[in-house]
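All values below come from the heavy atoms of this structure, side chains included, with hydrogens, waters and symmetry mates left out.
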Amino acid sequence: MATQYDRISDRLQRFIEGQQMFFVGTAAPDGRVNVSPKGLDSLRVLGPNRVAWLNGTGSGNETAAHLLRNPRITVMFCAFEGKPLILRLYGTARAVHDGDADWDELIALFPPMRGARNVFDVTVDLVQTSCGFGVPLYEYDGQRTLMDSWAENKGDEGIERYHRERNTHSIDGFPTGIPVR
């Protein structure tokens with residue numbers, strides 16, 4: 001049975017901080033729904049009703065595009081080892097880009113990531129846990145290093161070109177708000 005809370009408790013924060021992967025779900029008022037897996041050392045709990053995560057360059061930029069049209073978001077964590085649990089954070093979010101007033105403050109919360117394109121600042125209005133009995137057990141083997149290698153090979157100019165070519169609009173044609181130089 002699901003249990004709902006109005007905040008992230010210390011116990012749930014410890015659970016979040018122990019996860020190697022999480023999932024993000026967003027949707028514009030029309031078009032496709034997007035669910036993305038996220039990893040690396042890219043999420044921070046900033047308070048009982050606030051989290052942020054650092055987003056690296058990827059093949060699309062659906063989350064940023066959706067949030068410009070509809071700020072609703074769900075962040076989900078699953079226990080893949082140990083005691084079963086699913087934790088969902090429901091709320092609203094905004095994309096913060098390089099050049100925005102709070103970019104420097106938020107990016108400083110994370111280890112350096114070449115190709116970082118935005119930080120998502122999430123205001124949590126509902127926290128829900130559920131059993132997770134159907135989530136399989138997995139053994140964690142480590143984070144992939146491919147994104148860092150890819151960004152290193154592209155270089156700063158290559159990453160900027162990639163952003164211009166592939167990250168300015170969603171697959172449904174919605175603008176993402178990413179600054180292009």
Exercise for review: Give the C-alpha distance, both sets of side-chain angles, the deciding distance and a yes or no for side chain to side chain contact (heavy atoms under 4.5 Å, CB included) between N55 and F120.
Suggested key: CA-CA 7 Å; N55 196 30; F120 292 98; 3.4 Å; yes

Rounded to the nearest 0.5 Å, what separation is found between the [atom1] atom of [X] and the [atom2] atom of [Y]?
X    : Y    : atom1 : atom2 : answer
L109 : L54  : CG    : CG    : 9.5 Å
M76  : Y90  : CE    : OH    : 9.0 Å
L126 : D6   : CG    : CG    : 9.0 Å
L12  : R14  : CG    : CZ    : 9.0 Å
E81  : Y140 : CD    : OH    : 9.5 Å
L68  : T63  : CG    : OG1   : 11.0 Å

Backbone N/O of [Y] and side chain of [X]: donor-acceptor pair under 3.5 Å:
X    : Y    : value
T176 : N167 : yes
Q143 : L40  : yes
R117 : G56  : yes
D100 : H97  : yes
D98  : W103 : no
E62  : I171 : yes

Any side-chain heavy atom of [X] within less than 4.5 Å of one from [Y]?
X    : Y    : value
L89  : F77  : yes
L46  : L106 : yes
R88  : S130 : yes
T129 : F15  : no

Check your understanding: Applying the 4.5 Å side-chain criterion to the ILVMFWY set and letting contacts propagate, would Y5 and V124 be lumped into a single cluster?
Key -> yes

Point to revise | Joint cluster assignment, V119 & M147, ILVMFWY side-chain distance < 4.5 Å | key: yes

Answer yes or no: does atom [atom1] of [X] have more than 12 heavy-atom neighbours from other residues, nucleotides or ligands under 6.0 Å?
X    : atom1 : value
Y138 : OH    : no
D30  : CG    : yes
E17  : CD    : yes

**Study point:** Qualifying residue, where the test is side chain to side chain contact (heavy atoms under 4.5 Å, CB included) with F22 and the options are S36, P37, S42
**Key:** S42

Of all the heavy-atom pairs spanning [X] and [Y], show the shortest one and how long it is.
X    : Y    : value
V135 : C78  : CG1-CB, 4.1 Å
G58  : Y162 : O-CE2, 3.2 Å
R69  : A28  : NH1-CB, 4.0 Å
F23  : F80  : CE1-CZ, 4.2 Å
A64  : N118 : CB-ND2, 3.9 Å

Point to revise | Option from D156, D148, T57 for which side chain to side chain donor-acceptor pair (under 3.5 Å) with R114 holds | key: D156

Practice item. Report the hydrophobic cluster partners of L146, with the cluster defined as I, L, V, M, F, W, Y residues connected by side-chain heavy atoms closer than 4.5 angstrom, directly or transitively. Key: none

Review point. Under a 4.0 Å N-O cut-off, is there an ion pair linking R44 with D41?
Key: yes

Practice item. Could you list the residues that satisfy salt bridge (Lys or Arg N to Asp or Glu O under 4.0 Å) with R166, not counting sequence neighbours? Key: none

Practice item. Provide the full list of salt bridge (Lys or Arg N to Asp or Glu O under 4.0 Å) pairs with a residue in residues 120-132, sequence neighbours left out, each pair given once. Key: R50-D121, R94-D121

